[in-house]
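Notes for the one structure printed next.
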Amino acid sequence: MSDSSRQMKAVTIPEFGDAEVLRVATVPVPEPGPGQVAIDVAYAGANFAEVLYRRGVVDVPLPFVPGIEVSGRIRAVGEGVEDLAVGQPVAALSIVDGGGYAEVVVNSADLVVPLDGLGIGMDVAAALPSNSTTAFLVLDRVARIEPGERVLIHAAAGGVGSQLGQAARLLGAGHVVGTVGSAAKIETAKHFGYHEVITRDRIADAGEFDVVVDMVGGPARRAGLDRLAPMGRLVVMGNASGAEDIGIPANELWFTNRTVSGFNLAAFSAAFPGETRRALGRAVAAAAAGDLRTRVETLPLEQAAEAHRRIESGTTTGKLVLEVAAL
């Protein structure tokens, strides 16, 4: 923590642009309001969502402190918060208002889960709120996966892809196939619950699927839709390729008995915080039991720009987290 109790270190977006616009700055320490907690941050997850904030794809007020997930300890509790206590270790989803790339973040208590006695490292705990929570919500709440179904997951070696394959198995999928952008990522993805991993150019030969989850967009989205079985469900949750959107005619869905749904974690968390917190708790419990594995690489908070460059390069596997303080 910085010398002044009223000031803290944070990484800010002072203007929209490439990774080099990120700046380490000194900003006021936030205080929790009713229904909120302040958290001394140990680690903050690095995600593609924060890249979108930095590019200006998501309209946020500048200067803005990004950071959609953290681990740490409760620093203070606001009025009306009764189930969290000062000093308690927690994982938190800070996606609604951001602020995780800082020594202190204020967050809705509804999106905070205790870690007491679970034996989860703070670095791993920071990797769970976004990707792992998303995995359970997408498959269970949106795709409504049924036991024995065939599931196809794009970007299987990435942060959220590494969790989706495992969550699909935990939810009873019969066969889970992951796609990756290059053969170099196949072996990495195989460690994350997939029965089979293929490069995306082989999708046409992969058979039919009851559920396809796509965060890549462009040709991968169209290929996933084409591989849906009757009554199959495509869930759209990103456009990492940056490709132009594809048109999906409603008549095509009508004639083929297929469904296309969208999922955005920020919007879902704002609308359904209780359900989001339950999914986060489910993810934390699965990780504590050893049923959900994460591959974590840490960088200092000051190297947030490097984390963004790696994410944008498409070469990362597993999860990058930023070390803020050793708590």
Side-chain angles (χ1 to χ4, degrees), residues 131-158 160-181 189-190 192-241 243-269 271-272 275-276 278-279 282-283 286 291-292:
N131 293 338
S132 306
T133 301
T134 292
F136 283 109
L137 287 173
V138 163
L139 292 168
D140 196 17
R141 178 71 155 81
V142 184
R144 301 187 184 279
I145 188 172
E146 296 287 343
E149 288 192 317
R150 287 174 53 86
V151 178
L152 178 73
I153 309 292
H154 287 313
V160 68
S162 70
Q163 302 302 285
L164 281 160
Q166 297 177 81
R169 295 280 293 268
L170 290 173
L171 293 169
H175 191 72
V176 187
V177 178
T179 79
V180 290
K190 284 182 177 178
F192 294 125
Y194 292 96
H195 294 99
E196 183 182 358
V197 180
I198 60 175
T199 52
R200 280 194 285 278
D201 57 5
R202 291 184 52 213
I203 294 177
D205 302 321
E208 291 188 332
F209 295 89
D210 302 292
V211 174
V212 175
V213 181
D214 171 47
M215 64 289 286
V216 175
R221 184 160 301 160
R222 180 70 249 184
L225 181 63
D226 290 341
R227 300 270 37 91
L228 283 182
M231 300 307 294
R233 290 88 72 200
L234 168 66
V235 183
V236 175
M237 49 166 291
N239 188 37
S241 68
E244 290 293 324
D245 200 4
I246 65 166
I248 302 175
N251 282 347
E252 178 183 345
L253 303 179
W254 167 34
F255 281 116
T256 59
N257 289 300
R258 293 167 175 168
T259 298
V260 177
S261 300
F263 180 81
N264 180 282
L265 182 61
F268 189 93
S269 300
F272 307 105
E275 190 170 352
T276 305
R278 287 191 293 274
R282 188 178 192 179
D291 295 328
L292 199 64

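The figures here come from the full heavy-atom set of this structure, side chains too, leaving out hydrogens, waters and symmetry mates.
Inter-residue side-chain proximity for His175 and Arg169 is flagged as unmet; no heavy-atom pair is nearer than 4.5 Å. Contact of the Asp210 side chain with the Met231 side chain is not registered, since no non-hydrogen atoms from C-beta on lie closer than 4.5 Å. Counting only heavy atoms from C-beta outward, the side chains of Val180 and Val197 approach each other to under 4.5 Å. Side-chain contact check for Ile153 versus Thr179: every heavy-atom pair is 4.5 Å or farther apart. Taking the side chain as every heavy atom from C-beta outward, Gln166 and Tyr194 never approach each other to under 4.5 Å. Considering only heavy atoms from C-beta on, Ser132 comes within 4.5 Å of Leu292 through its side chain.
The heavy-atom pair separating Ala143 from Val235 by the smallest distance is CB-CG2, 4.0 Å. When all heavy atoms of Val212 and Gly224 are compared, the closest pair comes out as CG2-O, 3.7 Å. Taking all atoms of both residues into account, the shortest heavy-atom contact from Ile145 to Ala173 is CD1-CB, 3.8 Å. The heavy-atom pair separating Ala220 from Arg200 by the smallest distance is CB-CD, 3.9 Å. The two residues Ala286 and Leu170 come nearest to each other via the heavy atoms CB-CD1, 4.4 Å.
Applying the side chain to side chain contact (heavy atoms under 4.5 Å, CB included) rule to Ala279 yields the partners Thr133, Leu137; only residues at least two apart in sequence or on another chain are considered. Scanning for side chain to side chain contact (heavy atoms under 4.5 Å, CB included) contacts around Thr134 gives Val138, Val160, Met237, Phe263, Leu265, with sequence neighbours left out.
The existence of a salt bridge linking Arg282 and Asp140 is confirmed by a sub-4.0 Å separation between a basic side-chain nitrogen and an acidic carboxylate oxygen. Asp214 and Arg221 are joined by a salt bridge, as a carboxylate oxygen and a charged side-chain nitrogen come within less than 4.0 angstrom of each other.
Between the side chain of Arg141 and the backbone N or O of Phe136, no donor-acceptor pair lies under 3.5 Å. With His154 contributing its side chain and Gly178 its backbone, the two residues share no donor-acceptor pair below 3.5 Å. In this structure, Asn239 contributes its side chain and Ala243 its backbone to a donor-acceptor pair below 3.5 Å. Ser241 contributes a side-chain N or O that, together with a main-chain N or O of Val216, makes up a donor-acceptor pair within less than 3.5 Å.
Screening residues 252-267 for salt bridge (charged side-chain N to carboxylate O under 4.0 Å, His left out), with sequence neighbours left out, gives Arg222-Glu252.
In this structure, the separation between CD1 on Ile203 and CG on Asp205 is 10.5 Å, given to the nearest 0.5 Å. Atom CD in Glu196 sits 6.0 Å away from atom CD1 in Ile198 (nearest 0.5 Å).
Residue Leu234 is tested with Leu152, Thr259, Leu225 for a side-chain contact (heavy atoms from CB on, under 4.5 Å); the sole match is Leu225.
Judged by a 6.0 Å distance limit and a 45° cone about the ring axis, Arg150 is positioned over the six-membered ring of Phe209.
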- Task: Starting from the C-alpha separation in whole Å, work towards a yes-or-no answer on side-chain contact (heavy atoms from CB on, under 4.5 Å) for Leu228 and Arg233.
- Result: CA-CA 7 Å; Leu228 283 182; Arg233 290 88 72 200; 5.7 Å; no
